[in-house]
Q: 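Got a structure here, written out as structure tokens. Questions coming.
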Amino acid sequence: MTLDPGLYNYWIVILLMMTGLYTVISRGNLVKKVIGLNVFQVSVIMFYVSMGKVEGGMAPILVEEAEAVYSNPLPSVLMLTAIVVGVATTAVALALAVRIHEAYGTLEEDEILEKEYGAAGPGAADGPVDDHEPG
Amino acid sequence: MLALIDVVLLAFLAVTAVAIVRLRDLFAAVMVTGIFSLLSAGLFTVMDAVDVAFTEASVGAGISTILMLATLAVTQDVEKKRWRRRFSPLALGVVVVTGAALVYGTFDMPRYGDPDAPIHHYLAPHFLEHTPDDINEHIPNVVTAVLASYRGYDTFGETTVIFTAAVMVLMLLGGAATIDRRRPGGGRMGANVVLRASAKPLVPLILLFGLYVQFHGDFGPGGGFQAGVIFAAGLVLYALVYGPDRAQAIFTGRRLEALVALGVLIYGGAGVAGIVLGGEFLDYDLLAADPQDGQHRGIFLVELGVGITVAAVMTTLFLLFTGRGQPAPWEDRVGESEGTP
Amino acid sequence: MSVWLEALSWLSMLAGSLVLLVTGLGVLTLPEYYSRLHATSITDTLGAALVLFGLAVQAGWSLATAKLVMVMLFLMITGPAASHALVKTAALHDLSLPPRRRQEDGDAGAD
Amino acid sequence: MTYFTVATLAILVSMAMLLVRAFKGETVYDRILAVNSFGTKTVLLIALMCFMTGRPDFIDLALVYALMNFISTIAVLRFTRYHDMLDDDDLRARRLSAPIAPAIEEELT
């Protein structure tokens with residue numbers, strides 16, 4: 001196989017990162033935002049791990065061979081803990097979402113703002129309010 | 001061949017990410033997130049980061065998905081379609097410009113897998129060469145050695161972050177943590193026979209496997225973080241099939257809270273022991289007569305502490321989320337049609 | 001490794017690959033949920049078992065084989081259990097089988 | 001090496017088809033089905049990769065995948081908006097009230 005990914009990995013990582021960012025910016029649903037953050041997080045982890053790979057290397061678990069080539073263990077260490085910390089912080093975000101839902105009865109950003117500030121709240125200036133919402 | 005797998009899986013990953021954004025049914029989006037983390041864990045294996053793959057598989061595909069589902073079960077599971085939601089030119093513009101700038105930046109990067117990249121010439125060779133001398137020749141897993149010993153201070157911080165997160169979720173959701181038997185995922189001991197029969201032999205096996213991962217982490221992929229999550233996953237399976245109240249008969253909230261703290265204390269204790277014995281914080285060399293034995297003992301204790309904390313935190317999180325009360329009365333969830341993209 | 005073992009491993013993996021392709025094809029092309037479920041649940045278990053068996057023959061008698069057998073056993077317990085849960089969940093709720101006409105039409109499902 | 005290649009390609013193609021199903025969906029159950037089957041494929045892919053890289057003792061990874069896939073499938077079914085469905089009591093209760101297609105009725109008994 002002579003396929004060489006070159007910089008392809010990094011481009012996909014950037015695509016993922018931007019997808020996550022777009023979700024966080026443009027979606028009003030809080031759980032969707034958390035999902036977007038998760039996508040973003042995975043992309044960062046992927047970026048680090050991609051950099052750690054050495055061509056023809058193997059996982060940094062030492063073997064008896066003298067001439068073995070290993071991939072870089074350092075990104076693994078950093079990202080391993082980052083994943084577990086990531087799920088813990090995701091849990092905090094989700095817990096906040098649950099409490100917000102209990103308080104406002106919705107997870108939609110603009111509805112929460114409406115409940116907080118009334119119909120002409122800070123969200124109203126951003127665009128035309130279309131009240132023909134089905135269901 | 002591995003390069004091909006890398007390219008194809010990354011392409012799948014990109015498509016999946018776009019699908020996640022476009023799905024308006026949050027339930028479906030969370031499920032596709034499951035695929036997303038399975039794919040990324042596969043990619044970590046291709047990139048030789050087996051420990052990361054281990055963690056991502058257990059955390060991303062398992063616990064994280066379950067927590068999101070539990071959240072959806074007590075809140076709403078369809079994103080509402082209102083103004084500003086479908087398409088946002090401003091957000092797209094920001095994203096495209098940022099993305100273009102980042103892509104421009106990558107042209108200065110070493111290509112994927114380049115052995116001459118600067119990252120491989122600074123600390124990594126040191127760790128790979130000196131682990132058998134500095135730490136212990138019987139610990140071939142360099143990731144574990146770096147995690148628990150070279151960068152032990154950092155890992156201690158991360159364990160504390162997990163501890164803090166658990167405390168925060170307890171503060172947010174712990175108040176009314178009573179299990180309502182009529183809630184999704186709650187109560188109900190008379191679960192399905194087939195599931196009960198297949199889960200019964202699996203649960204002890206999973207717990208055993210968790211212990212194996214915990215204590216085999218020095219020699220192969222694994223360690224405290226992974227083992228903790230796997231152990232918690234066993235308990236979660238039990239709670240899912242037999243009902244959380246049965247799981248809570250053994251792991252009551254109080255005991256779990258104590259375990260969350262115990263793990264951090266073991267870790268900190270191993271560090272303080274170094275000071276007491278006349279060295280520095282987290283200096284394992286002094287824990288035994290021979291520095292190498294001391295290192296092994298220190299790593300064992302630290303990993304044990306991490307494992308206990310992570311297992312207890314993950315179980316606590318699951319029980320807290322599923323233990324939340326009924327959805328609010330204004331949410332009429334019955335008869336909602338499925339939203340498709 | 002003897003030629004026979006090699007051939008056995010080859011055959012097993014090849015058969016497994018075919019079965020796995022059928023899984024994908026079935027899920028993609030079959031017309032409704034229950035037939036798709038039918039396509040995946042059986043082929044998943046069989047294909048996985050075949051591929052893992054092929055790998056186990058490759059590995060010879062080692063720790064890796066023991067682990068492969070564990071994976072195989074695990075998939076054999078969980079696969080059918082998950083399929084059972086899937087069909088039961090769907091059957092009890094909004095999804096009913098389409099009317100019997102599918103069979104009268106003469107096999108609309110398989111192609 | 002060739003059979004690894006054949007099996008890997010088969011798995012990748014199969015994965016692509018499952019992805020399409022997971023995105024298209026039709027019903028929520030189709031998605032769950034696709035995700036579950038996708039997990040099995042990942043397990044096999046990991047097992048193959050362990051052999052390709054010459055470190056067959058990493059099969060532990062495949063085991064974790066298989067495990068998590070099962071648990072998350074069960075969790076997904078537990079938390080669908082049509083919850084409670086995995087209970088036999090519930091089944092009996094529903095059979096008295098809800099109209100279930102006769103074909104399924106036969107199969108469940």
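All values derive from a computational prediction rather than experimental measurement. Quick note on labels: first sequence line is chain A, next is B, and so on, each numbered from 1.
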Q: With a 4.5 angstrom heavy-atom cut-off, which part of B:V46 approaches chain A: side chain, backbone, both or neither?
A: backbone

Q: Answer with side chain, backbone, both or neither: which region of A:L15 has an atom nearer than 4.5 Å to a non-hydrogen atom of chain B?
A: side chain

Q: Side chain, backbone, both or neither: which part of A:I83 has an atom under 4.5 Å from a heavy atom of chain B?
A: both

Q: Relative to chain B, which segment of A:F47 carries a heavy atom at a distance below 4.5 Å: side chain, backbone, both, or neither?
A: side chain

Q: Under a 4.5 Å heavy-atom cut-off, does chain B meet the side chain of A:S71, its backbone, both or neither?
A: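 Contact with chain B: backbone and side chain both.
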
Q: Under 4.5 Å from any heavy atom of chain A, what part of B:L90 do you find: side chain, backbone, both or neither?
A: neither

Q: With sequence neighbours excluded, what pairs up with B:F163 under the ring pair (Phe, Tyr, Trp, His ring centres under 6.0 Å) test?
A: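 Expected list: none.
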
Q: Heavy-atom distance under 4.5 Å to chain B: side chain of A:L96, backbone, both or neither?
A: both

Q: Between chain A and each of B:F127, B:F36, B:F54, count heavy-atom pairs under 4.5 Å; write down the option with the most.
A: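 Maximum pair count with chain A is reached by B:F36.
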
Q: Is chain B contacted by the side chain of A:L94, its backbone, both, or neither, given a heavy-atom distance below 4.5 Å?
A: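 Interface part for A:L94: both.
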
Q: Given a strict heavy-atom distance threshold of 4.5 Å, which part of B:A14 is in contact with chain A: side chain, backbone, both, or neither?
A: both

Q: Which atoms of B:A11 are under 4.5 Å from chain A, going by heavy atoms: the side chain, the backbone, both sets, or neither?
A: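 Answer is both: backbone and side chain atoms of B:A11 are under 4.5 Å from chain A.
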
Q: What do the steps show when you test B:M68 against A:T90 for side chain to side chain contact (heavy atoms under 4.5 Å, CB included), and what is the final call?
A: CA-CA 9 Å; B:M68 284 193 190; A:T90 304; 4.3 Å; yes

Q: Before giving the answer on side chain to side chain contact (heavy atoms under 4.5 Å, CB included), spell out for B:D51 and A:M79 the whole-Å C-alpha distance, their side-chain angles and the decisive distance to 0.1 Å.
A: CA-CA 9 Å; B:D51 281 281; A:M79 292 306 107; over 6 Å; no

Q: Sequence neighbours excluded, which residues qualify as ring pair (Phe, Tyr, Trp, His ring centres under 6.0 Å) partners of B:H126?
A: B:H130

Q: So which part of B:D154 gets closer than 4.5 Å to some heavy atom of chain A, the side chain, the backbone, both or neither?
A: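 Side chain only.
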
Q: Among the options B:V50, B:V103, B:T16, pick out the one with the most heavy-atom pairs lying under 4.5 Å from chain A.
A: B:V103

Q: Could you tell me which portion of B:P125 (side chain, backbone, both or neither) has an atom closer than 4.5 angstrom to a non-hydrogen atom of chain A?
A: neither

